[in-house]
Amino acid sequence: MTPVLDVRNLSRAFGAIQAVDNVSFTLAKGELLALIGPNGAGKSTCFNMLMGQLKPSSGAVFLNGAPLAGLGPRRIWRKGVGRTFQITATYPSMTVVENVQMALISYHNRTYSVLPYAHRLYRDQALNLLALVGMADQADRHSAVLAYGDLKRLELATALAGDPGVLLMDEPTAGMAPRERIALMQLTADIVSERGVSVLFTEHDMDVVFAHAHRIMVLNRGQLIADGSVETIRNDARVQEVYLGGGTVFADA
């Protein structure tokens with residue numbers, strides 16, 4: 001079966017620094033794949049190449065068999081790749097539902113009709129997406145007053161407005177309380193199961209990774225050093241050494 005996302009020998013150098021070095025992996029339909037590694041391992045650089053913010057120095061990326069590498073972010077988004085960011089990116093002056101409506105308006109290429117009656121466009125679809133992430137009851141609140149965990153849920157709804165087949169989530173639980181982290185990742189896992197979305201996410205909280213990832217990849221100094229199941233990664237001595245400096249952090253959670 002053709003993978004949804006197929007990354008082949010992806011590399012990116014910044015001068016003499018090799019930020020990502022010959023990374024290859026696939027992402028299957030409905031898979032929740034974690035990409036972990038220490039700070040500076042190359043995770044964000046990898047994400048930025050997949051989404052078009054950076055052009056690879058070499059390598060190729062395929063979405064359902066079609067090439068993506070070298071395309072700009074908007075073209076990649078329209079082809080079915082969504083993204084959430086470590087620092088939430090919402091419009092604080094707009095209501096919760098208006099944030100999602102704006103994403104839908106852009107996705108449906110209706111930006112020419114924003115000024116006259118944007119508040120009426122795709123409202124029902126936006127409310128359905130908010131219901132999916134548990135935010136329907138806050139639809140008419142301004143996003144500026146939301147708690148941080150709710151902003152993360154809003155960003156997820158906005159990302160889903162593009163009906164992505166692949167969703168890139170860059171440290172989705174960063175800055176959240178432990179209970180909020182668990183709830184957000186369980187919500188993501190439910191969406192993966194119900195909608196068949198394929199998710200690649202980076203995360204520093206190993207409890208979150210081990211509880212929800214179907215598979216884990218480990219980057220170190222730009223190189224992919226391990227790729228396998230939760231148990232394979234948990235028991236990998238090299239991963240423990242380079243990622244955590246040894247110790248017992250990978251003990252059963």
Side-chain angles (χ1 to χ4, degrees), residues 43-44 47-48 50-54 72-192 195 197 199-205 208:
K43 303 184 299 296
S44 292
F47 262 47
N48 288 337
L50 295 178
M51 199 64 204
Q53 281 95 352
L54 284 174
R74 182 171 178 81
R75 290 184 65 187
I76 292 174
W77 171 64
R78 296 196 71 82
K79 286 180 178 292
V81 181
R83 181 175 182 179
T84 66
F85 295 84
Q86 181 178 351
I87 300 174
T88 55
T90 58
Y91 296 105
S93 63
M94 293 184 177
T95 65
V96 169
V97 71
E98 287 170 348
N99 269 269
V100 184
Q101 284 177 273
M102 283 300 298
L104 288 163
I105 287 168
S106 180
Y107 178 69
H108 291 286
N109 203 26
R110 293 286 301 276
T111 51
Y112 62 87
S113 46
V114 164
L115 289 177
Y117 50 92
H119 64 283
R120 298 202 299 267
L121 292 175
Y122 306 110
R123 182 177 171 88
D124 288 344
Q125 286 178 248
L127 289 172
N128 287 338
L129 287 170
L130 290 173
L132 182 66
V133 302
M135 289 286 291
D137 60 339
Q138 302 196 60
D140 294 313
R141 297 185 71 197
H142 276 82
S143 60
V145 302
L146 293 180
Y148 191 70
D150 289 335
L151 282 173
K152 288 283 191 176
R153 288 174 178 266
L154 171 57
E155 188 180 40
L156 178 57
T158 301
L160 292 172
D163 193 26
V166 172
L167 183 59
L168 308 177
M169 303 181 73
D170 193 355
E171 297 196 29
T173 70
M176 300 178 73
R179 183 175 295 181
E180 291 178 321
R181 294 177 186 177
I182 294 169
L184 181 66
M185 289 311 299
Q186 184 58 57
L187 172 63
T188 302
D190 291 343
I191 290 171
V192 166
R195 297 169 69 106
V197 178
V199 174
L200 174 65
F201 72 102
T202 66
E203 182 58 60
H204 283 293
D205 187 327
V208 168

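Computed from a predicted structure; not experimentally measured. Atoms considered below: every heavy atom in the structure, side chains included; atoms not considered: hydrogens, waters and symmetry mates.
Taking each heavy atom of F47 and F201 in turn, the nearest pair found is CZ-CA, 4.0 Å. In terms of heavy atoms, Y107 sits closest to G162 at CE1-O, 3.2 Å. Nearest approach of L154 to V96, heavy atoms of both residues: CD1-O, 3.6 Å. Heavy-atom minimum distance, P92 versus S143: CA-OG, 3.2 Å.
A 4.5 Å side-chain heavy-atom check between L167 and L156 finds at least one atom pair inside the cut-off. A 4.5 Å side-chain heavy-atom check between M135 and V100 finds every atom pair outside the cut-off.
A distance-only check finds a donor-acceptor pair linking the side chain of E180 to the backbone of A177 [under 3.5 Å].
Partners of D190 by side chain to side chain contact (heavy atoms under 4.5 Å, CB included), not counting sequence neighbours, listed by chain and number: Q186, E194. Residues meeting the side chain to side chain donor-acceptor pair (under 3.5 Å) test with T188, sequence neighbours left out: none. Y122 pairs by the ring pair (Phe, Tyr, Trp, His ring centres under 6.0 Å) definition with H108, not counting sequence neighbours.
Expressed to the nearest 0.5 Å, how far OG1 of T173 lies from OH of Y148 amounts to 9.5 Å. Summarising the geometry, atom OG1 belonging to T202 is positioned 9.5 Å from atom CG belonging to L168; distances are rounded to the nearest 0.5 Å. Taken to the nearest 0.5 Å, the OG1 atom of T158 stands 8.5 Å off from the CG atom of L104. Atoms CE and CD, from M94 and Q101 in turn, are 9.5 Å apart once rounded to the nearest 0.5 Å. Distance check: K43 NZ to L200 CG gives 11.5 Å after rounding to the nearest 0.5 Å. Here the CG atom belonging to N99 is positioned 12.5 Å from the CG atom belonging to L129, to the nearest 0.5 angstrom.
The salt bridge (charged side-chain N to carboxylate O under 4.0 Å, His left out) pairs that include a residue from residues 122-149 are R123-D140, where partners are two or more places apart or lie in different chains. Each side chain to side chain donor-acceptor pair (under 3.5 Å) pair with one or both residues in residues 89-98, not counting sequence neighbours, appears once here: T95-E98. Among pairs with a residue in residues 149-160, none fulfils salt bridge (charged side-chain N to carboxylate O under 4.0 Å, His left out), at least two apart in sequence or across chains.
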I would like to know whether E171 and S44 meet side chain to side chain contact (heavy atoms under 4.5 Å, CB included); could you show each step before the answer?
CA-CA 10 Å; E171 297 196 29; S44 292; 5.8 Å; no
May I have the step-by-step check of side chain to side chain contact (heavy atoms under 4.5 Å, CB included) for R195 and L132, ending in yes or no?
CA-CA 11 Å; R195 297 169 69 106; L132 182 66; 3.5 Å; yes
Can I get a per-line list of side-chain donor-acceptor pairs under 3.5 Å for residues 80-89, giving both atom names and the distance, sequence neighbours left out?
from, atom 1, to, atom 2, distance (Å)
R83, NH1, N48, OD1, 2.8
R83, NH1, Q53, OE1, 3.2
R83, NH2, N48, OD1, 3.3
R83, NH2, D170, OD2, 3.3

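No more than 12 heavy atoms of other residues, nucleotides or ligands sit less than 6.0 Å from atom CZ of R75.
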